[in-house]
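Throughout, residue positions are numbered sequentially from 1 according to the sequence presented.
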Amino acid sequence: MENKESFTSKFMRTTGRVRMIFGPAQTSSLDHPMTDENQQLLKEQQAQEKALWETVTRADGSSYIVSRKPE
């Protein structure tokens with residue numbers, strides 16, 4: 001019976017070889033402050049998303065979001 005190597009094993013072996021040539025992926029710390037440009041982009045994205053959804057609050061205090069009706 002032939003022992004075939006799984007696709008996952010082949011993939012992991014190949015990426016291991018690539019890491020030996022190019023090195024590990026670049027990482028940076030997560031606790032640095034956002035740049036002004038990124039803060040502005042985040043505010044724009046949040047405004048766009050807020051325009052698409054509406055928060056509905058029930059009498060018991062729980063809430064959920066629904067799609068806004070086109071006006």
Side-chain angles (χ1 to χ4, degrees):
M1 197 166 204
E2 190 177 325
N3 266 345
K4 288 186 120 183
E5 187 176 19
S6 70
F7 173 77
T8 306
S9 296
K10 289 179 188 178
F11 179 77
M12 294 302 288
R13 185 170 30 86
T14 303
T15 55
R17 290 180 182 157
V18 171
R19 281 188 66 182
M20 287 185 348
I21 296 168
F22 294 106
Q26 181 66 30
T27 59
S28 64
S29 66
L30 298 175
D31 60 352
H32 58 80
M34 288 180 70
T35 63
D36 292 335
E37 181 182 356
N38 284 345
Q39 287 178 349
Q40 183 62 31
L41 287 172
L42 178 62
K43 287 178 185 177
E44 289 173 12
Q45 284 180 334
Q46 288 174 339
Q48 288 174 356
E49 289 177 9
K50 190 174 182 179
L52 295 175
W53 303 99
E54 179 179 359
T55 303
V56 177
T57 305
R58 295 183 179 133
D60 65 358
S62 62
S63 61
Y64 60 97
I65 61 171
V66 294
S67 179
R68 286 192 187 263
K69 295 180 178 131
E71 297 174 11

| said: Is there a continuous path of hydrophobic side-chain contacts, each under 4.5 Å between heavy atoms, that joins L52 to I65? | reply: yes
| Pairwise distance CE(M34) to CD(Q40) - rounded to 0.5 angstrom | 10.5 Å
| For the atom pair CZ (R19) and CZ (R17), what is the distance rounded to the nearest 0.5 Å? | 15.0 Å
| query | So, does R68 use its side chain to make a donor-acceptor pair with the main chain of W53 at under 3.5 Å? | reply | yes
| request: Count the heavy atoms belonging to other residues, nucleotides or ligands that lie under 6.0 Å from CD of E37, then report whether that count exceeds 12. | output: no
| task | Determine whether Q39 and D36 make a side-chain contact, defined as any pair of heavy atoms from C-beta on separated by less than 4.5 Å. | result | yes
